[in-house]
Amino acid sequence: MTETITDTVNRFIFKTETFAIFKLDNIVALGDVAGVREGDRLTVTGSWQEHPKYGRQLRVEHWEKPVPSTEEAAADFLSSGLIKGVGPVLAERIVSVLGPNAVSAILEDPDVLKKVKGIGKKAPEIRRQLQETYQVQQVVAELIRLGLTLKTAMKAYMKFGRPAAEYVRRNPYCLTELDLIGFHRADDIARRAGLAPDSSFRVKAGILYVLNESLWDEGHAYLPRDELISRSLTLLNHVEKSVSLDIVEKELSRLKGVHGSAEVSLAWAREYEEEIARDVKRLARQRFDVPPLPRDLIRGIELTPDQNAAVKTALESGFSILTGGPGVGKTQTVRAVIRAFELQNPWGGVFLCAPTGRAARRLSEVTGRQAHTVHKLLGLRNGHADRNRKNPLECDLLILDEASMACLVLTKRLLEAVPNNARILFVGDADQLPSVGPGNILRDLLDKVPTVRLTEIFRQAAESQIVTNAHRINRGQMPLIDRSKTDFIFLEREDPEDIAKCVATCASGMGYDPLDVQVLSPMRKGPVGTAELNKLIQGGMSGPRVKYGQYVFHVGDKVIHTKNNYDKGVFNGDIGIIKKIKMQHDVLVQYSSGLVSYSGDDLRELEPAWAVTVHKAQGSEFKAVIIPVTTSHYVMLHRNLIYTAVTRAREKVILVGTKKALAIAVRNNKPIQRYTALSGLLRDAPRR
DNA sequence: TCGGTGGC
């Protein structure tokens with residue numbers, strides 16, 4: 001399906017700093033192209049995709065500006081109008097003197113144009129313009145010589161432009177600050193360039209790298225000074241002991257872009273936390289008078305006293321939180337909040353949103369009204385939001401569902417776009433996995449604004465072991481397994497391969513519909529990771545199949561869609577079954593929301609889903625869940641992960657592995673203990 | 001070691 005095309009860029013249809021949709025002579029292409037201008041001749045390689053609204057498009061995976069290498073091409077290029085001061089006559093003359101490789105000759109040799117009569121003082125300007133056109137390639141080539149990969153080199157060029165190679169040579173660590181390469185690869189480049197291991201560049205970069213890593217990988221908004229210093233020393237001295245404590249302390253004290261001394265954060269992260277705190281206080285200050293509510297807010301359903309209290313709180317407070325585990329009726333309460341609000345404010349604008357596409361769709365399904373991702377609601381793309389402090393949302397009630405998934409960045413963007421007069425309600429389960437991005441927003445806000453906790457469980461039977469054990473796990477206690485019941489089972493297996501086999505057997509042999517039973521593994525890799533488990537389960541399959549990338553898909557296979565696709569109406573995390581495979585490339589998948597067809601490279605959005613990661617399953621529910629629990633997942637063994645996995649099940653949980661691994665997981669609550677300043681900043685927020 | 005959303 002991939003194709004390579006050389007054509008001229010006629011027009012940009014859409015353009016951001018790095019991404020563009022553009023028209024070549026006969027086609028529309030889209031991708032990350034930087035340094036490309038209208039009129040450029042481009043060689044693009046990519047794959048075709050069919051866009052329902054805009055038709056056939058080429059998704060660009062690789063591109064370059066070829067230097068013309070025939071007399072005709074060189075003359076065409078020089079006279080194309082791109083190079084000012086060169087018309088057809090002069091172009092002919094240049095090519096007749098310098099030959100088919102005229103362009104590269106001029107680029108390489110500043111004096112070569114002297115050979116052509118009648119150019120005179122135009123020569124340097126012509127060369128400058130040519131260089132500008134081919135600058136991308138030249139800079140990228142130089143960066144590659146310095147040891148960057150093509151991709152990183154492109155990104156570095158996008159960031160720094162012409163002087164990129166110079167910057168990198170002087171301070172290879174500038175690449176780590178932009179998150180283009182890791183500290184260790186920058187270290188390699190620096191070593192080859194002869195930089196001292198205790199140079200200020202290196203030490204500063206090391207400290208910033210530690211802060212950045214802890215922020216993006218572990219979710220910390222700051223690190224205690226001692227921890228930052230000891231982590232920095234470990235990083236900087238991992239090969240040879242060359243950096244002393246004194247040096248690190250000295251560089252830390254003059255480091256720009258960080259905040260605080262006892263608790264050190266990246267300055268922007270601190271600013272975000274402070275801004276969130278200000279916005280929370282701004283919104284929480286608002287109080288609303290609420291007339292008594294009718295008893296039957298939702299036809300035929302009577303709310304519990306707790307749920308009623310939650311409705312009242314949400315309506316009275318400028319900012320409130322509704323939290324609780326699965327099955328406690330959060331959704332029902334949200335429906336009641338909307339209903340009550342609309343009864344009392346018939347002209348009020350109600351906006352519903354969630355951090356992920358699927359959560360938004362589900363919210364929309366259960367409330368029977370529009371819901372958006374936060375990104376869509378704010379028009380948030382490439383770090384720019386259409387809705388912001390200056391142009392706030394026109395809403396009177398804003399509900400954010402699955403708020404535990406909202407990170408520092410998203411929350412800051414959302415809150416600053418909420419007007420003073422609006423009420424905002426966060427809904428979520430604070431015991432689930434923390435957000436992908438930095439921060440611990442929902443947990444930090446609990447009880448800092450009016451908070452209602454729902455605990456009474458409806459969905460599962462009250463005596464369900466799933467429920468009681470989920471609570472135990474939350475408290476750091478081992479689940480209790482009552483062998484007289486069948487809804488919470490532990491199958492003891494020691495060896496990872498045995499665990500994998502046992503999991504695979506259970507997955508296919510329980511008599512459930514494939515969509516009702518789900519294997520959840522903490523990791524993708526490893527003997528009990530999702531990749532291996534999927535292969536194991538797929539091993540027994542026969543019949544029509546299609547290969548795409550690293551995966552094989554069969555008719556009957558369970559698959560997961562991995563990127564929101566609004567045109568197909570299918571979202572990241574949707575799980576379905578392959579019904580049909582035609583012609584080795586057309587695939588038909590049955591989701592609960594309907595049939596979706598994939599052709600060609602659409603398949604890049606599909607993965608096998610007999611086993612998925614616990615993270616991916618967040619926000620989904622199944623009748624039965626099978627969870628491998630082994631010390632080979634050591635780094636991933638923690639309380640919220642097991643809690644999240646177990647609470648995905650409505651009827652049955654099967655744990656397969658060792659009690660030892662389970663005990664480790666239940667005891668470990670470190671991942672959710674993120675260093676954040678937000679709750680401290682809110683200490684004096686109004687609560688009632 | 002895991003995970004998010006966008007663009008005509």
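Side-chain atoms are counted along with the backbone in the values below, which use heavy atoms only and exclude waters and symmetry mates. Letters go in sequence order (proteins before strands), and every chain restarts at 1.
Within 4.0 Å (heavy atoms only), A:Gln618 reaches no atom of the nucleic acid at all. Using a 4.0 Å heavy-atom cutoff across all strands shown, A:Tyr54 reaches at least one base atom of the nucleic acid. No contact: A:Gly379 has no heavy atom under 4.0 Å from any strand. Backbone-only contact: A:Lys525 has heavy atoms under 4.0 Å from sugar-phosphate atoms and none from a base.
For the pair A:Asp217 and A:Gly357, nearest-nucleotide mapping onto DNA chain B gives the more 5' position to A:Asp217.
In terms of heavy atoms, A:Asp25 sits closest to A:Asn10 at OD1-ND2, 3.2 Å.
When rounded to the nearest whole Å, the span between CZ of A:Arg639 and P of B:dC2 equals 22 Å. Distance A:Leu520 CG to B:dC2 P: 15 Å, rounded to the nearest Å. The CD1-P distance, from A:Ile27 to B:dC8, rounds to 19 Å in whole Å. Distance A:Gln49 CD to B:dC8 C1': 12 Å, rounded to the nearest Å. Atom CG in A:Asn10 sits roughly 16 Å away from atom C1' in B:dC8 (whole-Å rounding). As rounded to whole Å, 15 Å separates atom C1' of B:dT1 from atom CG of A:Asn640. Straight-line distance from the NE2 atom of A:His372 to the C1' atom of B:dG4: 18 Å, rounded to whole Å. If you measure from atom CG of A:Leu410 to atom P of B:dG6, you get 10 Å, rounded to the nearest angstrom.
Using a 4.0 Å cut-off, some side-chain N or O of A:Asn564 falls inside it from OP1 or OP2 of B:dG6. Phosphate proximity of B:dG3 to A:Thr613: present, with a side-chain N or O under 4.0 Å from OP1 or OP2. Considering only side-chain N and O atoms, A:Lys563 lies nowhere under 4.0 angstrom from the phosphate OP1 or OP2 of B:dG6. Considering only side-chain N and O atoms, A:Arg524 lies under 4.0 angstrom from the phosphate OP1 or OP2 of B:dG3. Using a 4.0 Å cut-off, no side-chain N or O of A:Tyr566 falls inside it from OP1 or OP2 of B:dT5. At the phosphate of B:dG4, neither OP1 nor OP2 sits under 4.0 Å from any side-chain N or O atom of A:Thr373.
No more than 12 heavy atoms of other residues, nucleotides or ligands sit less than 6.0 Å from atom CD of A:Glu494. Around CD of A:Gln370, the count of heavy atoms belonging to other residues, nucleotides or ligands within 6.0 Å does not exceed 12. Other residues, nucleotides and ligands contribute only 12 or fewer heavy atoms inside 6.0 Å of the NZ atom of A:Lys535.
Closest to the A:His375 side chain, of the nucleotides B:dC8, B:dT5, B:dC2, is B:dT5. For A:Lys616, the side-chain atoms get nearest to B:dG3 when compared with the rest of B:dG3, B:dC8, B:dG6.
With sequence neighbours excluded, the residues forming a side-chain hydrogen bond (donor to acceptor under 3.5 Å, both in side chains) with A:Glu605 are A:His561, A:Asn565, listed by chain and number.
The distance from atom CG of A:Asn440 to atom OG of A:Ser404, rounded to the nearest 0.5 Å, is 10.0 Å.
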